[in-house]
Amino acid sequence: LASDQLLFFAFAAISVLGSLAVISQKNPIYSVLALIGAFFGLSGLYVLLQAPFVAIVQIMLALLLVAELGWALMRTPGISDAIGAESAGVSNVGELGRVLFTDYMFAFEVTSILIIAAMVGAVILARKQTE
Amino acid sequence: MSPSHVPLEYYLMLSGLLFTIGAAGVFLRRNLITLLLSVEIMLNAANLAFVAFGRQFGTVDGQIITFFVMTVAAAEAAVGLALIIGLFRHRESLNPEAFTALKW
């Protein structure tokens, strides 16, 4: 009984302190690192909420953020890969996939168009202007 | 009904707190990259509320909405960062106060 609440407060403290550090750091690089810490706290909370798959995707997002902001390079958002990734499968991942590919099929397909548009937009916006 | 003993209210309060921190970052900071990260914090606060409600009502819909929010957040970060790089090349500054071309 108590251990759940203890874990909740520990993860909540990590995410809140990380978020506070994000907005209080002068150097944006430190802000990015603090945000990654906050993401790990949040993914712990997702595990507590019996959503382990969301927690794994959250950690992947944190690593994506390292790749994206750490080098200040445009990387393709790899979220569709993350959704297809293997997971521990201790809870309702199968149900999650079934609902995602039936009830939310249209939204899922629209998401792929969004990712293509964002990818093309990012590449075009960030390339060097050639006169 | 649910095996976890942390009540929904705790998650909602935490979500509100994180959202407030993110909003404060957007309004207080004068750095485009930090602004983008603050928006990211706000999106994650909303995600937390979605998953907490989904757990409370025993459906996976909250988690699925979270995936869509994460996808949109990744797209937003990619395009936003590209815009920031373009702006930096243009003005050599990350301070939003430096971009006054639409101001008169």
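By convention in this document, chain letters (A, B, ...) are assigned in the order of the sequence lines, proteins followed by strands, and residues within each chain are numbered from 1.
Closest heavy-atom contact between A:Leu49 and B:Arg55: O-CG, 3.3 Å. The nearest pair of heavy atoms linking A:Thr111 to B:Thr71 is CG2-CG2, 3.2 Å. Scanning all heavy atoms of the two residues, the minimum distance from A:Ala118 to B:Ala75 falls at CB-CB, 3.5 Å.
Separating the OG1 atom in B:Thr59 from the CD atom in A:Glu95 is a distance of 9.5 Å, to the nearest 0.5 Å. Note: B:Ile64 CD1 to A:Phe101 CZ = 9.5 Å, rounded to the nearest 0.5 Å. Taking CG of B:Leu37 as the reference point, atom OG of A:Ser31 lies at 6.0 Å (rounded to 0.5 Å). The CD1 atom of A:Ile23 sits 13.0 Å away from atom CG of B:Asn31, with the distance rounded to the nearest 0.5 Å.
Looking at B:Asn44 and A:Gln58, their side chains do bring a donor and an acceptor atom within 3.5 Å of each other.
Criterion: ILVMFWY side-chain heavy atoms under 4.5 Å apart, direct or through other members. Under it, A:Leu61 and A:Val47 are not part of a common hydrophobic cluster. Transitive grouping of hydrophobic side chains (ILVMFWY, heavy atoms separated by less than 4.5 Å) keeps A:Leu114 and B:Ile65 in distinct clusters. In the hydrophobic cluster analysis, where Ile, Leu, Val, Met, Phe, Trp and Tyr join through side-chain heavy atoms closer than 4.5 angstrom, B:Phe57 is grouped together with B:Leu12. With hydrophobic clusters built from ILVMFWY side chains whose heavy atoms lie under 4.5 angstrom apart, B:Phe68 shares a cluster with A:Tyr46. Residues A:Leu17 and B:Ile41 do not share a hydrophobic cluster, defined by chaining ILVMFWY side chains whose heavy atoms lie under 4.5 Å apart.
Side-chain contact between B:Gln63 and A:Leu100: absent, with no pair of heavy atoms (C-beta onward) separated by less than 4.5 Å.
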Quiz: residues 8-16 of chain A side-chain donor-acceptor pairs under 3.5 angstrom, not counting sequence neighbours:
unit_1  : atom_1 : unit_2  : atom_2 : d
A:Ser15 : OG     : A:Phe11 : O      : 3.1
A:Ser15 : OG     : A:Ala12 : O      : 3.0

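Aromatic pair A:Tyr104/B:Phe67: centroids not less than 6.0 angstrom apart.
In terms of non-hydrogen atom pairs under 4.5 Å with chain A, the most contact-rich of B:Thr34, B:Leu48, B:Leu32 is B:Leu48. Heavy-atom pairs under 4.5 Å with chain A peak, among B:Ile21, B:Leu18, B:Val26, at B:Ile21. When B:Leu17, B:Thr66, B:Asn47, B:Leu28 are compared by the number of non-hydrogen pairs under 4.5 Å with chain A, B:Asn47 comes out ahead.
In this structure, chain A has heavy atoms under 4.5 Å from both the backbone and the side chain of B:Val72. For A:Leu42, the part lying near chain B is the side chain, with the backbone staying farther off; criterion is any non-hydrogen pair under 4.5 Å. Contact annotation for B:Leu14: only side-chain heavy atoms (C-beta onward) come within less than 4.5 Å of a heavy atom of chain A.
Other residues, nucleotides and ligands contribute at most 12 non-hydrogen atoms within 6.0 Å of the OH atom of B:Tyr10.
Legend: salt bridge (Lys or Arg N to Asp or Glu O under 4.0 Å) pairs involving residues 17-45 of chain B, not counting sequence neighbours, sorted by first then second residue: B:Arg30-B:Glu97.
Remark: the backbone N or O of A:Ala126 is paired with a side-chain donor or acceptor of B:Arg89 at under 3.5 angstrom.
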